[in-house]
Colleague: 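My questions will all concern the structure given below.
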Amino acid sequence: MKVDLDLMKNLLSKRGDEIEKSVTGTGYLVKTVMGVGTFLLDNEGDIDLLTAKQKATFERFLLPLLEEPPR
């Protein structure tokens, strides 16, 4: 599976506040979530390259935001 790179780039560069909101109170760091997104951008969106922890982070925080339209 691959991620839409344009959507990911938009999410990381223009919707950081939404990422921050989704992470608040979870014990995760915003920079960790952003790092997973950046890793995907650097690797052409190939989810298969993620470790199990990175994939869990992607599925918990980034995927829901990618599936909803920007606010």
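Count residues from 1 along the sequence.
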Colleague: Do Met8 and Leu12 have side-chain heavy atoms sitting under 4.5 Å apart?
Modeller: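 With C-beta onward as the side chain, the pair touches.
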Colleague: Kindly give the heavy-atom pair with the smallest separation between Gln54 and Leu49, and that separation in Å.
Modeller: OE1-O, 4.3 Å
Colleague: Report yes if some heavy atom in the side chain of Leu29 is under 4.5 Å from a heavy atom in the side chain of Val23; otherwise report no.
Modeller: no
Colleague: Between Ile47 and Val3, is any pair of side-chain heavy atoms under 4.5 Å apart?
Modeller: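 When only atoms from C-beta onward are counted, Val3 and Ile47 do touch, with a gap below 4.5 Å.
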Colleague: Can you list the steps and then say if Leu11 with Lys14 is a side-chain contact (heavy atoms from CB on, under 4.5 Å)?
Modeller: CA-CA 6 Å; Leu11 177 61; Lys14 298 187 175 159; over 6 Å; no
Colleague: So do Lys53 and Thr51 actually touch side chain to side chain, heavy atoms under 4.5 Å?
Modeller: yes
Colleague: Drop me the distance from Leu62's CG to Glu67's CD, to the nearest 0.5 angstrom.
Modeller: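 The CG atom of Leu62 sits 11.0 Å away from the CD atom of Glu67.
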Colleague: Please name the residue in the list Val33, Val30, Ile19 that meets the side chain to side chain contact (heavy atoms under 4.5 Å, CB included) test with Phe61.
Modeller: Val33
Colleague: When rounded to the nearest 0.5 angstrom, what distance separates CG in Leu5 from NZ in Lys9?
Modeller: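 Rounded to the nearest 0.5 Å, the CG-NZ separation comes to 9.5 Å.
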Colleague: Below 4.5 Å, heavy atoms only, C-beta onward: do Leu66 and Phe58 meet side chain to side chain?
Modeller: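 Yes. Closest side-chain heavy atoms under 4.5 Å.
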Colleague: Considering residues, nucleotides and ligands other than Lys2, do more than 12 of their heavy atoms fall under 6.0 Å from its NZ?
Modeller: yes
